[in-house]
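Accompanying notes for the structure given below.
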Amino acid sequence: MTRKQRAAAAVAAVALAAGVTRLALPPAAPSPRTLTLSWEYPPDSNIIFNVWHRTNLQTGRWQFLATTTNRDFKFSPDLPMDFFTVTASNTESGLESEMP
C-alpha cells in the first residue's frame with residue numbers, strides 16, 4: 001500500500017468513526033488496495049449492518065455491498081471513486097435505519 005493510499009484509508013477510518021457515512025476516495029492507484037470502513041454503534045446483539053455504495057451522489061441508487069455484525073468492514077474496492085453508507089438493521093423487528 002502506498003503512502004497516499006494509507007493516508008486515504010486513515011482519513012476514511014477517522015471520518016467514519018466521527019459519524020461521516022459518505023466518503024469519496026481519491027483515484028485508485030494501479031496496485032490492489034484494501035479499504036477498511038469503520039463506525040461506532042452501541043452494543044446490541046440484535047443488530048446487523050448493511051454496507052451500501054454508489055459512484056455518483058447525484059444520480060443512481062445505493063447498491064448493496066455486504067452485511068456484517070462487526071463495527072468495521074474490510075474490502076478491496078474496484079472503482080476509483082465510491083461513496084459509502086451503512087444502515088443498522090434489527091434482526092428481531094426487521095426495522096432498518098433510513099438511507100441518506
Side-chain angles (χ1 to χ4, degrees):
M1 181 181 280
T2 67
R3 183 177 179 181
K4 186 174 181 180
Q5 290 170 326
R6 283 192 305 272
V11 167
V14 169
L16 288 169
V20 175
T21 57
R22 289 170 277 167
L23 184 67
L25 299 176
S31 62
R33 62 189 173 156
T34 300
L35 178 67
T36 301
L37 303 176
S38 61
W39 53 91
E40 294 181 12
Y41 195 88
D44 189 330
S45 61
N46 298 327
I47 298 293
I48 59 171
F49 301 97
N50 296 314
V51 182
W52 304 82
H53 75 112
R54 66 195 288 180
T55 57
N56 186 324
L57 291 177
Q58 302 301 318
T59 62
R61 296 172 27 143
W62 289 101
Q63 297 177 6
F64 177 77
L65 188 60
T67 296
T68 182
T69 57
N70 299 323
R71 301 310 193 258
D72 64 2
F73 177 68
K74 294 179 179 150
F75 66 106
S76 297
D78 56 356
L79 299 171
M81 187 167 79
D82 245 344
F83 298 90
F84 301 92
T85 192
V86 175
T87 57
S89 182
N90 186 300
T91 58
E92 287 186 2
S93 70
L95 295 176
E96 185 169 5
S97 59
E98 292 185 27
M99 296 289 283

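- Side-chain atoms of Arg33 do not come within 3.5 Å of backbone N or O of Phe75 as any donor-acceptor pair.
- Geometrically, Arg71 does not engage Trp39 in a cation-pi contact, judged by NZ or CZ lying under 6.0 Å from the ring centre and within 45° of the ring axis.
- Considering only residues two or more places apart in sequence or on other chains, Ala88 meets the side chain to side chain contact (heavy atoms under 4.5 Å, CB included) condition with Tyr41, Ile47, Phe49, Ser97.
- The side chain to side chain contact (heavy atoms under 4.5 Å, CB included) search around Ser93 returns Asn90, Leu95, not counting sequence neighbours.
- Taking OG of Ser45 as the start and CD of Glu92 as the end, the distance is 7.0 Å to the nearest 0.5 Å.
- Scanning both residues, Arg54 and Arg61, for their nearest heavy atoms gives CB-O, 3.8 Å.
- Atom OG1 in Thr69 sits 12.0 Å away from atom CG in Asn46 (nearest 0.5 Å).
- For the residue pair Thr67 and Asn50, a side-chain donor N or O sits within less than 3.5 Å of a side-chain acceptor on the partner.
- No side-chain heavy atom of Phe73 sits under 4.5 Å from any side-chain heavy atom of Thr36.
- Inter-residue side-chain proximity for Met99 and Thr87 is flagged as met; some heavy-atom pair is nearer than 4.5 Å.
- Leu37 contributes atom CG, which lies 11.0 Å from atom NE2 of His53 (distance to the nearest 0.5 angstrom).
- Residues Thr85 and Trp62 bring no donor and acceptor atom of their side chains to less than 3.5 Å of each other.
- Rounding to the nearest 0.5 angstrom, the gap separating the CG atom in Asn70 from the CD1 atom in Ile48 is 12.0 Å.
- In this structure, Gln63 has no side-chain hydrogen bond (donor to acceptor under 3.5 Å, both in side chains) partners at least two apart in sequence or on a different chain.
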